Amino acid sequence: IAACNQNKTGDKSATSASSTAATGGIVFVNQDSLLAKYEYFKDMTKRLEDKNKSATGDVDSRRQALQREVADYQKSANTLSADQRSTTEQRLQREGQEFQSYQQNAAAQFQNETAGEQQKLYEKVAGVIKDYAKEKLYKMVLSFQKGNTNLWDGDPGVDVTADVVKRLNDGYSKEKK
């Protein structure tokens with residue numbers, strides 16, 4: 001009898017949560033699932049990975065060229081006059097500083113691009129969630145993410161992730177055309 005009563009209580013809470021979600025209560029979106037299924041996020045990640053790979057390759061090739069110049073200088077330093085050594089060392093030092101500056105600028109540029117892409121992603125997701133909540137008359141849409149203790153657990157009846165992902169992907173598909 002106790003087990004039967006517990007099941008009924010469990011059923012009522014699931015029904016109650018579904019009713020609450022249907023009548024404008026509090027729902028949540030699973031961020032991990034949303035990002036894993038949102039095509040824009042996948043494309044954005046690929047673009048950023050490609051840019052990072054390209055920038056890293058460029059920096060690496062410049063580093064190798066500078067290292068070759070230093071190695072060449074070290075091999076021929078004994079055959080150069082004091083003035084030639086001094087001039088070459090100053091040039092190599094300047095080129096080394098220019099390389100460090102270039103490397104820092106490339107990293108900063110990539111960070112800025114990443115931040116810009118993250119901002120676009122946030123605006124797209126927040127916009128769809130805001131419209132979705134307004135349409136469904138939800139009072140609050142929470143975010144769930146594994147490891148984030150703002151929401152420990154949520155009734156699957158109030159998980160609207162699938163609906164939000166569908167709207168995001170539909171909007172992104174129209175954007176791509």
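Both backbone and side-chain heavy atoms feed into the values below; hydrogens, waters and symmetry mates do not. Because the structure is predicted, anything quoted here is derived from the model rather than measured.
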Pairwise side-chain contact, Tyr138 with Val160, heavy-atom cut-off 4.5 Å (strictly under): yes
CD (Gln84) and OG1 (Thr87) are apart, to the nearest 0.5 Å, by 8.0 Å
Is there side-chain contact between Gln118 and Met44, with heavy atoms separated by less than 4.5 Å? yes
Take Arg68 and Asp72, measure what salt bridge (Lys or Arg N to Asp or Glu O under 4.0 Å) needs, and give me the verdict at the end. CA-CA 6 Å; Arg68 278 192 302 273; Asp72 290 346; over 6 Å; no
Whether the side chain of Ser54 engages the backbone of Asp50 through a donor-acceptor N/O pair (distance < 3.5 Å, no angle test) should be reported. no
Min side-chain heavy-atom separation Leu92-Tyr73 under 4.5 Å: yes
Write down the atom of Ser143, the atom of Gln31, and the distance for their closest heavy-atom approach. OG-OE1, 2.9 Å
salt_bridge(Lys166, Asp170) N-O dist < 4.0 Å: yes
At their closest point, which heavy atom of Val29 faces which heavy atom of Val164, and how far apart are they? CG2-CG2, 4.0 Å
If the condition is side-chain contact (heavy atoms from CB on, under 4.5 Å), which residues does Asp131 pass it with, not counting sequence neighbours? none
Do Tyr102 and Arg63 come close enough that some side-chain heavy atom pair is under 4.5 Å? no
Is Arg167 salt-bridged to Asp163, going by a charged N under 4.0 Å from an acidic O? no
Is Glu95 paired with Arg91 through a side-chain N to carboxylate O contact shorter than 4.0 Å? yes
Side chains of Ser101 and Asn105 in contact at under 4.5 Å (non-hydrogen atoms): yes
Main chain of Phe41, side chain of Thr45: is a donor-acceptor contact present, judged purely on distance under 3.5 Å? yes
Test of understanding: clusters of I, L, V, M, F, W, Y form through side-chain heavy atoms closer than 4.5 Å, transitively. Do Leu35 and Val141 belong to the same one? yes
Side chains of Asn30 and Leu34: does their closest heavy-atom pair fall under 4.5 Å? no
Nearest non-hydrogen partners of Thr161 and Ser33, listed with the distance: CG2-CB, 3.9 Å
Kindly assign one of parallel, tilted or perpendicular to the pair Tyr40 and Tyr172, based on the angle between their ring planes and the thresholds 30° and 60°. perpendicular
Sub-4.5 Å side-chain heavy-atom contact between Asp60 and Thr56: yes
Any side-chain donor paired with an acceptor under 3.5 Å for Gln109 and Glu113? yes
For residues 120-130, which side-chain donor-acceptor pairs fall under 3.5 Å, sequence neighbours excluded?
residue	atom	partner	partner atom	Å
Glu123	OE2	Gln119	NE2	2.9
Lys124	NZ	Glu175	OE1	2.9
Lys124	NZ	Glu175	OE2	2.7

Can you name the nearest heavy-atom pair linking Gly96 to Leu66, along with the distance? CA-CD2, 3.6 Å
Do any N or O atoms from the side chain of Asn169 and from the backbone of Lys37 form a donor-acceptor pair under 3.5 angstrom? yes
Looking just at side-chain N and O atoms, do Asp83 and Ser81 make a donor-acceptor pair shorter than 3.5 Å? no
Could you tell me whether Asp43 and Arg47 make a salt bridge, using a distance below 4.0 angstrom between a side-chain N and a carboxylate O? no
